[in-house]
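Here is how names work: the chains are called A, B, and so on, in the same order as the sequence lines, proteins then strands, and each is numbered from 1. Heavy-atom basis, side chains included; hydrogens, waters and symmetry copies ignored.
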Amino acid sequence: MPRLEQPIPRGALTAVAIDTPAGTFVARFSDHGLAQLDFPGRTFPASARASELLADPSLPRWVKLTKGALLAILAGRHPGEFPPLDVSSGTEFQQRVWSVLREIPAGETRSYGEVAAAIHSPKATRAVGSACGANPIPLLIPCHRVLASGGKVGGFSGGLEWKQRLLMVEGVIAQELPMRAASLGKG
DNA sequence: ATCGTCATATGAA
DNA sequence: TTCATATGACGAT
């Protein structure tokens, strides 16, 4: 299949700050939907302004949906309606991986190997890890539900604390940084 | 249990 | 082509 070497050029994104009990996230929207979500504590853009919000009538709704989904996921509740997700920045392979991630329900996990098998590239486990790391919309695209084999937590671009926190909220792991075993059923 | 090493897919430079 | 990865399997300790 054709290899997509360069991301598809897109117009400028509109950044919007979203406050949650876990901190202020920054969501960036394209014409097609939510394109990027940044964890709190990153460089805060000066572009989250009301005038931009008013520029596109679909934005306020997307922001509301994004915030609602975010708050629900952080609280371990079932998220309601998602905004449209614009994953056009990813290569075809990455988008296949991300679409698999979106089908993992809260409270469940997959291994990198299982995700690789799901996209019919059973040997691409390592590439799946890279694709997870390239996920532009964490939380809504639940890359945190992909663990290494044997219940090991594995890595996380946004910081392992976040991965752990999310897995705890979803009842997958119990407490502190096991860093390796998710100590579930077999104690 | 922990570590080192090798195998392998994908993507960026 | 070379290098870097959020892996996985295996063997040595």
Among the candidates [options], find the nucleotide nearest to the side-chain atoms of [X].
X         : options                 : value
Phe93(A)  : dA9(B), dT10(B), dG8(C) : dT10(B)
Phe156(A) : dA6(C), dT8(B), dT7(C)  : dA6(C)
Arg126(A) : dA6(C), dG11(B), dT8(B) : dT8(B)
Lys163(A) : dT7(C), dA6(C), dT8(B)  : dA6(C)

Please state how far atom [atom1] in [X] lies from atom [atom2] in [N], giving the value in whole angstrom units.
X         : N       : atom1 : atom2 : answer
Asn135(A) : dT5(C)  : CG    : P     : 18 Å
Gln94(A)  : dA9(B)  : CD    : P     : 17 Å
Ile119(A) : dT8(B)  : CD1   : P     : 18 Å
Lys123(A) : dA7(B)  : NZ    : P     : 14 Å
His120(A) : dT10(B) : NE2   : P     : 14 Å
Gln95(A)  : dG11(B) : CD    : P     : 11 Å
Leu147(A) : dT7(C)  : CG    : P     : 12 Å
Tyr112(A) : dT10(B) : OH    : P     : 17 Å

Inset, instruction - Look at all strands and tell whether Ala127(A) reaches a base, only sugar-phosphate, or nothing, counting heavy atoms closer than 4.0 Å. - result: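 The residue Ala127(A) makes base contact.
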Inset, instruction - Using a 4.0 Å heavy-atom cut-off across all strands, classify Gly113(A) as base, sugar-phosphate, or nothing. - result: sugar-phosphate
Legend entry - Presence of Thr91(A) side-chain N/O under 4.0 Å of dG11(B) phosphate oxygens OP1/OP2: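 Checking dG11(B) against Thr91(A), a side-chain N or O does come within under 4.0 Å of OP1 or OP2.
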Inset, instruction - Look at Ser149(A) and dG8(C) and indicate whether a side-chain polar atom (N or O) is within less than 4.0 Å of OP1 or OP2. - result: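 Answer yes for this pair, as a side-chain N or O of Ser149(A) is under 4.0 Å from OP1 or OP2.
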Inset, instruction - Show your reasoning for whether side-chain contact (heavy atoms from CB on, under 4.5 Å) applies to Ile119(A) and Phe93(A). - result: CA-CA 9 Å; Ile119(A) 59 174; Phe93(A) 177 84; 3.6 Å; yes
Legend entry - Presence of donor-acceptor pair under 3.5 Å, side chain of Ser157(A) and base of dA6(C): yes
Legend entry - Beyond-backbone contact of Leu140(A) with Pro83(A), side-chain heavy atoms, under 4.5 angstrom: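 SC-SC contact between Leu140(A) and Pro83(A) confirmed.
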Inset, instruction - Determine, stepwise, if the pair Arg61(A) / Glu81(A) fulfils salt bridge (Lys or Arg N to Asp or Glu O under 4.0 Å). - result: CA-CA 11 Å; Arg61(A) 170 170 168 77; Glu81(A) 183 182 349; 2.9 Å; yes
Inset, instruction - Please work out whether the ring planes of Phe39(A) and Phe156(A) are parallel, tilted or perpendicular, with thresholds of 30° and 60°. - result: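 Aromatic pair Phe39(A)/Phe156(A) classed perpendicular.
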Inset, instruction - Looking only at non-hydrogen atoms, find the nearest pair between Leu71(A) and Asp19(A) and report the distance. - result: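 Shortest heavy-atom separation between Leu71(A) and Asp19(A) comes out as CD2-O, 4.4 Å.
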Inset, instruction - Once you apply the 3.5 Å cut-off to both distances, tell me the Watson-Crick or G-U wobble partner of dA6(C), or none. - result: none
